[in-house]
Amino acid sequence: MASFSHALLPFLIAAVAGLTPAPATCYVNPGGNLHLQEQDDQGNASAYRTHIVLVRPPSSGAGAAADEFTHGLWHESFLPTSLTDSGEPRLVHSYTEAFTGFAARLTDAELDAVARKPGFVRAFPDRTLQLTTTHTPEFLGLRQGPGFWRDGAGYGKGAIVGLLDVGIYGAHPSFADHGLAPPPPKWKGTCAGSASRCNSKLIGVKSLVGDDARDDFGHGTHTSSTAAGNFVAGASRDGMAAGTAAGVAPGAHVAMYKVCTGKGCSDSAVLAGMDAAIKDGVDVISLSLGGNATFPFDHDPIAIGAFSAVAKGITVVCAAGNNGPKPASVVNDAPWLITVAASSVDRSLLAEVQLDKGVSVAGEAINQATNSSTKPPFPVLYSEERRNCIYRGEERKVVAGKIVICEAVDNLLPYNTSEKSILRDIKSAGAAGVVLINTKADGYTTVLYDYGSDVVQLTAADGAKVTKYAASSPSNSATAVRFNHRTVLGVRPSPTVASFSSRGPSTITPGVLKPDVLAPGLNILAAYPPKTLLGAGPFDVLSGTSMSTPHISSVVALINSVHPDWSAAAIKSAIMTTSDAVDRNGGPILDEQHRNANAYATGAGHVNPARATDPGLVYDLGAADYASYICALLGEAALAVIARDSSLSCGKLPKTPEAELNYPTIKVPLQPAPFMVTRTVTNVGPAASTYTAKVEAPKSLTVRVSPGKLVFTKAGEEKTFSVTVSGQGGGVLEGSLSWVSGQHVVRSPIIAAAGRRPER
C-alpha cells in the first residue's frame with residue numbers, strides 16, 4: 001500500500017479517529033515474556049521487532065471507514081516515523097478484513113508509546129510458525145468418470161481454494177486448466193511474479209513476504225495439487241506409486257498466498273495472507289502450518305483472523321500439528337476452525353530385506369531407482385553401542401562393504417535432516433546399504449524420506465526381527481537391501497492414525513473435541529517443482545498434517561460447489577457426521593501401535609467425501625453462537641478482541657458453556673450424576689424425513705436421548721434434542737449417537753472424560 005507522510009498526520013488524525021483513549025494498555029506475549037527481542041545472525045539483540053498491533057477501526061465519520069487509504073492512514077498514525085533508523089519501512093502489513101490493525105517494526109520503547117495512543121487494543125509479538133496424489137482420491141472413494149465425483153460434485157467446479165503456504169510452481173501440469181471455466185465473477189484476486197503462470201486453474205498468486213511467489217521447497221506446490229490439482233496421467237515418483245494424479249477437487253480453482261520462507265511462517269505474514277484471501281473472494285482458506293504451542297484464542301492472531309473469515313462465510317481448514325503421539329499436543333484448536341489429523345492410506349512402496357536361510361522382512365523405500373536383488377550377499381553390522389549409527393573418525397571404517405542396521409534418532413517433520421546427515425556419513429564411508437528402523441514411538445508408521453538408494457525403512461516391530469537376527473550370529477549375511485521393486489495397494493489395516501499426528505484434548509478448550517477429523521497425510525504423492533532444495537520433482541512423496549489438511553480443504557470445495565449457500569459450520573458438520581468410524585475391513589481405526597485409536601486421535605472419524613455433500617442433517621453455528629461460547633470461556637474482553645463487532649456483546653448474549661456449543665461432537669464430564677446437553681440439527685435432506693436415535697456406548701456409560709425420534713416436514717427445519725450422560729470410572733469413555741433415516745446416518749461421537757468439569 002502507499003506510504004503516508006507523517007508531516008500530514010497531525011491534521012488528519014482527528015478526522016480519522018474520533019476515539020476516546022483506550023483502556024489499560026495490554027501487549028502480551030502468550031508465552032508470558034514481555035518485549036522479547038529478535039536475534040540477528042550473530043546472536044545480537046536487535047532494537048526492532050515486528051509486532052502485530054490490534055486497534056479499533058477508524059471512525060466512520062472520516063467518510064470512508066472501509067477505504068484502504070483511510071485504514072492505512074489510521075495505522076500509520078500510531079507509528080513514530082515511517083522508516084526505522086536503518087531505513088526500513090516500519091509498516092510491514094496493514095489489515096482490514098481478517099484483523100483490524102497492522103504489523104510494524106518497533107522498539108520496546110516505541111511499543112510502549114503506541115500502547116498509550118487512543119484506539120490501541122492489544123499487541124502480539126510476531127511468532128514463527130512451521131509448515132506442518134495418485135491414489136488418495138480413489139482411497140477416499142472418488143473415481144474418475146461417471147459417478148458422484150464428476151456428476152454429483154462436479155469435481156468441485158467453481159469453488160476457490162486459497163492456500164497459505166510457501167509458494168507454488170505454476171508451470172506444473174497439475175495446474176493446467178483443461179476442462180475448467182474461468183473463475184466466478186466474485187473473484188477479485190490477481191497474479192504477480194514469475195511463479196504465477198495463471199490460467200483458469202491457478203487464478204491467483206500473491207507473495208506476502210516481499211519476494212517472488214516461487215516455491216523453492218515444494219511444500220506449497222504439493223499441498224495445492226493435493227487439494228485441487230488437475231488430472232495428470234502417468235504420474236509417479238521415479239516409477240513408484242504410478243497412476244493418474246489428481247487433487248480431491250480437480251475442478252476447483254487455486255489461489256496461492258505465499259506467507260512462508262525458508263525460516264518459517266510469521267504470524268504477521270499469515271494474517272496478511274488471510275486478509276488478502278478474504279478480500280479476493282476465496283471459499284476456503286487452507287493452512288498447512290502451525291506452532292508448537294497453543295494460546296488463548298484472544299492471544300492467537302490466527303484464531304482471530306479465522307473468526308473474521310468464518311463470520312464472512314469462508315471455511316478455514318488447519319493442520320492439527322505434527323507433535324503426536326504426545327497427548328494434548330493439538331494446535332489450531334479454535335472451534336470455528338476445521339482441525340485435521342493425519343492417517344495412512346492403503347499403499348506401500350515395498351522394499352524387502354532378504355536375510356539368509358530364506359528369511360525376508362518387508363520394509364519400504366522411496367528411492368528404488370535400482371533393484372539390487374542380483375547383488376551378492378553382504379555382511380550385516382549392528383552394534384548396541386552404535387544403534388543410532390553415529391560413527392566418527394576411524395570408527396567409520398568398520399561400515400565399509402556392510403549392510404548397516406540403524407535405529408532412527410527421531411522422526412522430525414517435514415524434512416528429517418538429522419537422519420539424512422547420519423545416513424549420508426555412513427554411505428560415504430562405504431556402507432553397502434542401510435536398514436533404518438523406526439523409533440518405538442512411531443510403531444507401524446513409516447514416514448518415507450529419500451535417503452538415497454540402498455536404504456530400506458522398517459517398522460519398529462519388523463526392525464526387532466532384524467536386530468535379533470543380527471545379534472544372534474554376527475557371521476550371518478543379508479542379500480539385497482533393495483528387493484521387489486513394486487507398489488502394493490490394498491494394504492491392511494488402513495487407514496491408521498499416523499504417529500506424528502497431534503492428539504487431543506485441547507488445552508485451551510478441553511470441552512470441545514479436537515482434532516475434528518482424520519484424512520490422508522502419510523506418504524502422499526503430489527506435484528513437486530523441479531530442482532527444488534529438497535525434492536526431485538515433478539511428483540514427490542511428503543508426510544504430515546500439512547498433507548491431510550488440503551484433503552479436507554478440497555472436500556470443503558466439493559461441498560461448496562454443491563451447496564454454495566451453506567455456512568462454514570454446516571460444511572464442517574457435514575464432513576464430521578459422515579466420516580467413517582471404522583477402517584476398510586470394518587474394524588476400529590487403529591493408531592500407530594495398532595491399538596484401537598481414541599477420539600483424541602481420530603476426531604469424528606476418517607473423512608468420506610462421497611457422503612459429505614449429502615449429510616441429511618447439520619449442526620449449524622453462526623458468529624453469535626461462537627461469541628456466546630467465547631463469553632463463557634474467556635469473557636467480554638476476549639470477545640472484543642476476537643470478534644471486533646459492536647453488535648456482539650456478552651451483555652447481550654447468553655453464555656454458552658463448551659459442552660453446550662452446538663458442535664457435531666459431544667464432550668461431557670465422566671461422572672455418576674447425569675449430565676445433560678442439548679443440540680439442534682437442521683434438515684438439509686429430503687423435506688419429509690424421520691430420524692431415529694441410535695446409541696452405541698460401553699456398559700459403564702449410560703446415554704439417554706430425548707426425544708428419540710425427529711420428524712421433519714420441510715427443508716431447513718430445525719429440531720432440538722437433549723443428550724444425558726452418566727458413567728462410572730476414570731479416564732475416558734467413548735460412545736456415539738447416530739440419527740438414522742432411510743437414507744442417512746448422522747453420527748456424533750460422545751466422549752465422557754474424567755477431570756475438569758465444564759462450566760454450566
Side-chain angles (χ1 to χ4, degrees), residues 133-134 136-138 140 142-165 167-193 195-206 213 215 220-235 243-257 276-277 280-286 314-315 317 526-529 538-539 550-564 571 609-610 612-613:
T133 99
T134 55
T136 50
E138 184 177 356
L140 295 173
L142 304 174
R143 289 171 175 80
Q144 192 174 3
F148 158 77
W149 200 18
R150 186 192 73 181
D151 304 325
Y155 296 135
K157 177 182 178 182
I160 302 171
V161 181
L163 297 105
L164 276 59
D165 215 295
I168 194 167
Y169 176 58
H172 197 283
S174 290
F175 307 119
D177 63 356
H178 51 82
L180 270 76
K186 71 170 185 174
W187 176 244
K188 301 296 189 293
T190 59
C191 287
S196 58
R197 297 289 188 96
C198 283
N199 53 24
S200 292
K201 165 57 73 176
L202 181 58
I203 62 172
V205 175
K206 184 176 294 185
D215 183 2
T221 302
H222 196 282
T223 56
S224 299
S225 65
T226 299
N230 215 330
F231 293 99
V232 180
T244 297
V248 175
H253 306 286
V254 172
M256 170 56 66
Y257 300 88
D280 290 347
V282 304
D283 297 304
V284 53
I285 293 175
S286 188
I314 300 169
T315 305
V317 185
Y528 216 76
F539 291 90
H551 281 92
I552 297 299
S553 301
S554 54
V555 175
V556 172
L558 294 178
I559 298 172
N560 183 270
S561 181
V562 179
H563 305 289
I571 290 174
T613 58

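In this chain, residues are counted from 1 in sequence order.
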Task: Pairwise side-chain contact, I168 with L163, heavy-atom cut-off 4.5 Å (strictly under) - done: no
Task: Gap separating the OH atom of Y169 from the CZ atom of F175, nearest 0.5 angstrom - done: 10.5 Å
TODO: Can you see which heavy atom on P184 is nearest to which on G158, and at what distance?
DONE: CG-O, 3.7 Å
Task: Non-hydrogen atoms of L202 and C191 that approach each other most closely - done: O-SG, 4.4 Å
Open item on the list: So which atom in P609 and which in L558 form the shortest heavy-atom distance, rounded to 0.1 Å?
Closed with: CB-CD1, 4.4 Å
Open item on the list: Side chains of W149 and P250, heavy atoms from C-beta outward: is any pair under 4.5 Å?
Closed with: yes
Task: Within-4.5 Å side-chain heavy-atom neighbours: V205 and Y257 - done: no
Open item on the list: Under a 3.5 Å distance rule, please check whether N199 uses its side chain to pair with a backbone N or O of A176 as donor and acceptor.
Closed with: no
Open item on the list: Are the side chains of H172 and F539 in contact, using a 4.5 Å heavy-atom criterion?
Closed with: yes
Task: Nearest non-hydrogen partners of V161 and A252, listed with the distance - done: CG2-CB, 4.3 Å
Open item on the list: Quick check against the 3.5 Å criterion: does S561 have a side-chain atom that pairs as donor or acceptor with the backbone of K157?
Closed with: yes
- [ ] Kindly say whether G179 contributes a backbone atom to a donor-acceptor pair with the side chain of K201 at under 3.5 angstrom?
- [x] no
Open item on the list: Counting C-beta onward and ignoring hydrogens, is there a side-chain heavy-atom pair between D215 and M256 closer than 4.5 Å?
Closed with: no
Task: Over all atoms of both residues, closest heavy-atom pair of R197 and A171 - done: NH1-CB, 3.2 Å
Open item on the list: Check whether H563 reaches the backbone of T613 with its side chain - one donor and one acceptor, N or O, closer than 3.5 Å.
Closed with: yes
- [ ] Would you please say whether a donor-acceptor pair under 3.5 Å links the side chains of S225 and S174?
- [x] no
Task: Partner of I571 by side-chain contact (heavy atoms from CB on, under 4.5 Å), out of D283, V555, V556, V317 - done: V556
TODO: Can you measure from CG (L180) to NE2 (H253) and round to the nearest 0.5 angstrom?
DONE: 6.0 Å
Task: Value rounded to 0.5 Å, distance of OG1 in T315 from CG in N560 - done: 7.0 Å
Open item on the list: Using modelled atom types and a 3.5 Å cut-off, is there a donor and acceptor pairing between side-chain atoms of S224 and backbone atoms of T221?
Closed with: no
- [ ] Heavy atoms only: give me the nearest S554-V248 pair and the separation to one decimal.
- [x] OG-CB, 2.9 Å
